[in-house]
Amino acid sequence: MEPRRLGKTGHLVSPIGFGAWAIGGTWGAVDDATSLTALHRALDLGVNFFDTADVYGDGHSEKLLARLRRERSEPFVVATKAGRRLDPHTAAGYTRQNLRAFVERSLNNLGVETLDLLQLHCPPSEVYERDDVYAALDEMVQGGLLRAYGVSVETVQEALTAIQHPHVATVQIIFNAFRLKPAEELFAAAREHDVGIIARVPLASGLLSGKLRRDTAFAEDDHRRFNRHGEAFDRGETFSGVDYDTGLEAVERLRPLVPQGATLAQFALRWILMFPEVSCAIPGAKTPQQVADNTAAAALPPLTEEQMQGVQAVYDDLIRAQVHPLW
């Protein structure tokens with residue numbers, strides 16, 4: 001995979017990364033042995049960017065990445081997140097003391113002295129405007145606890161607010177064929193500010209895999225069962241906020257655009273990589289085969305203008321009108 005620059009972090013990262021939410025939990029059953037095999041397979045295939053958070057399995061995902069680092073000699077980048085351990089999750093909790101405590105816990109979980117990249121984990125919108133929060137992060141960079149920091153956001157406006165701070169190096173945002181607003185309203189500004197874009201939820205919680213059906217049953221602990229409309233956490237996260245049946249209809253419209261020999265998921269990932277502002281897409285994986293399938297997307301030829309226009313037409317016809325104005 002041809003590496004891409006991750007904003008002002010200076011890192012060169014694989015365009016397909018490893019989203020480590022699933023191996024921490026809330027995506028159905030996981031097995032540590034299989035998860036570790038998948039992580040090793042990712043490195044074997046050239047993946048060097050792993051995205052996790054302190055709340056994925058209450059730190060379990062971070063600990064698996066610590067084990068991977070012990071078992072392998074080649075360097076790789078781990079991005080983690082902080083903030084969602086707050087209970088209640090309010091802007092008032094984003095204090096210097098709390099942020100430092102979260103960072104120290106992640107350092108311990110990951111078994112390192114410095115975090116490669118820390119991201120604020122979709123905090124309340126007002127946090128992105130607070131100079132004291134960025135000052136606390138700057139202090140931890142200066143103190144050697146962080147190499148760089150960025151933000152994970154729910155809305156384009158939150159991203160636009162955050163990147164006004166000169167040391168925000170990355171923005172992680174939902175971007176996929178069902179969520180085009182970042183390309184329309186954020187990417188040019190991110191390029192101007194030298195901010196790397198990390199595309200999260202790139203397969204719309206599995207809708208863009210093409211494998212889900214109207215009668216698909218999800219496990220009790222799978223957020224796709226209990227958070228379709230934001231009942232448990234952020235509205236717009238699960239299935240990218242798209243109505244499930246509408247998403248299935250859109251998938252059928254997309255299938256004819258998929259090149260021969262590729263899967264719909266690979267097509268959807270390759271579509272994301274057509275945007276040069278995207279540093280890395282982070283599809284989740286629980287098995288070595290899922291890792292191999294994801295990384296193969298980067299080897300697909302560039303999509304044609306007809307294919308790009310086809311995705312745009314599906315979005316305009318079926319998705320745009322129902323997407324929340326902030327997304």
Side-chain angles (χ1 to χ4, degrees), residues 4 6-7 9 13-27 42 47 49-56 61-62 65 77-84 116-123 128 149-160 162-163 168-183 185-187 190 195-209 223-224 227 230 233-242 247 265 268-273 275 277-286 290-291 294 297-298 323-324 326-327:
R4 297 186 176 197
L6 186 60
T9 68
V13 298
S14 52
I16 300 295
F18 188 111
W21 185 8
I23 63 173
T26 69
W27 286 82
V47 172
F49 184 84
F50 297 80
D51 179 82
T52 185
D54 59 357
V55 291
Y56 294 169
S61 176
E62 290 180 324
L65 286 164
V77 177
V78 174
T80 193
K81 308 182 195 77
R84 286 298 176 121
D116 295 326
L117 177 66
L118 179 76
Q119 302 156 100
L120 298 181
H121 198 172
C122 297
Y128 300 103
Y149 64 83
V151 293
S152 183
V153 303
E154 293 291 346
T155 72
V156 166
Q157 185 54 56
E158 290 170 344
L160 290 170
I163 66 176
V168 170
T170 61
V171 165
Q172 184 173 144
I173 191 166
I174 297 175
F175 180 58
N176 58 50
F178 292 167
R179 184 76 73 88
L180 271 62
K181 190 170 184 177
E185 300 184 13
L186 170 63
F187 285 4
V195 169
I197 297 292
I198 302 167
R200 69 187 183 93
V201 198
L203 298 179
S205 305
L207 269 175
L208 284 166
S209 73
H223 70 101
R224 293 173 295 181
N227 193 58
F233 55 90
D234 306 305
R235 181 172 172 237
E237 180 86 23
T238 302
F239 300 129
S240 299
V242 174
L269 292 172
R270 187 64 183 90
W271 177 87
I272 291 172
L273 300 184
F275 296 83
E277 295 85 0
V278 173
S279 299
C280 186
I282 50 170
K286 295 195 292 185
Q290 289 171 346
V291 171
N294 290 340
V323 172
H324 191 283
L326 293 177
W327 301 337

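Predicted model, so just to flag it, every value in this text is computed and none were measured.
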Answer yes or no: is there a side-chain heavy-atom contact under 4.5 Å between Asn176 and Leu203? no

Nearest heavy-atom pair of Cys280 and Phe49: which atoms, and what distance? SG-CD2, 3.7 Å

Any Leu65 side-chain heavy atom under 4.5 Å of Glu62 side chain: no

Might you point out which heavy atoms bring Gly150 and Val168 nearest each other, and give the distance in Å? CA-CG1, 4.3 Å

Once rounded to the nearest 0.5 Å, what's the spacing between atom CZ of Phe178 and atom CG of Leu208? 4.0 Å

To the nearest 0.5 angstrom, please state how far the CG atom of Leu117 sits from the CZ atom of Phe50. 14.5 Å

Test item: Glu185 and Gln157 side chains (from C-beta on) under 4.5 Å apart, heavy atoms: no

Check: Val77 and Thr9 side chains under 4.5 Å, non-hydrogen atoms: no

Kindly compute the distance separating CD (Glu237) from CZ (Arg224), expressed to the nearest 0.5 Å. 12.5 Å

With respect to Leu118, which candidate in Thr80, Thr170, Asp54 satisfies the side-chain contact (heavy atoms from CB on, under 4.5 Å) definition? Thr80

Locate the shortest heavy-atom distance separating Ile272 from Pro202; write the atom from each residue and the value. CD1-CB, 3.4 Å

Shortest non-hydrogen separation from Phe18 to Val47 and the atoms involved: N-CG1, 4.1 Å

Any chance you could lay out the side chain to side chain contact (heavy atoms under 4.5 Å, CB included) test for Val278 and Arg4, step after step, and finish with the verdict? CA-CA 8 Å; Val278 173; Arg4 297 186 176 197; 4.2 Å; yes

If you take all heavy atoms of Ala190 and Ile197, which pair is closest and at what distance? CB-CD1, 3.8 Å

Would you say that Val153 contacts Tyr128 through its side chain, given a criterion of any heavy-atom pair below 4.5 Å between the two side chains? yes

For Ser14, what residues pass the side chain to side chain donor-acceptor pair (under 3.5 Å) criterion, not counting sequence neighbours? Asn48

Are Gln119 and Val151 side-chain neighbours, meaning at least one heavy-atom pair lies under 4.5 Å? no

Shortest non-hydrogen separation from Ala20 to Ser61 and the atoms involved: O-OG, 2.8 Å

Which distance, rounded to the nearest 0.5 Å, do you find between the CG of Asp51 and the CH2 of Trp21? 11.0 Å

Say you draw a straight line from CG of Leu6 to CD1 of Ile198; how long is it, rounded to the nearest 0.5 Å? 5.5 Å

With a 3.5 Å distance limit and no angle check, can you tell me whether Arg179 reaches the backbone of Ile174 through a side-chain donor-acceptor pair? no

Hey, are the side chains of Tyr149 and Leu120 touching, using non-hydrogen atoms and a 4.5 Å cut-off? no

Derivation of the side chain to side chain contact (heavy atoms under 4.5 Å, CB included) call for Leu186 and Ile163: CA-CA 10 Å; Leu186 170 63; Ile163 66 176; 4.3 Å; yes

Flag the pair Pro283 / Ile16 as yes when at least one side-chain heavy-atom distance between them is below 4.5 Å, and no otherwise. yes

Which residues pass the salt bridge (Lys or Arg N to Asp or Glu O under 4.0 Å) test with Arg84, not counting sequence neighbours? Asp234

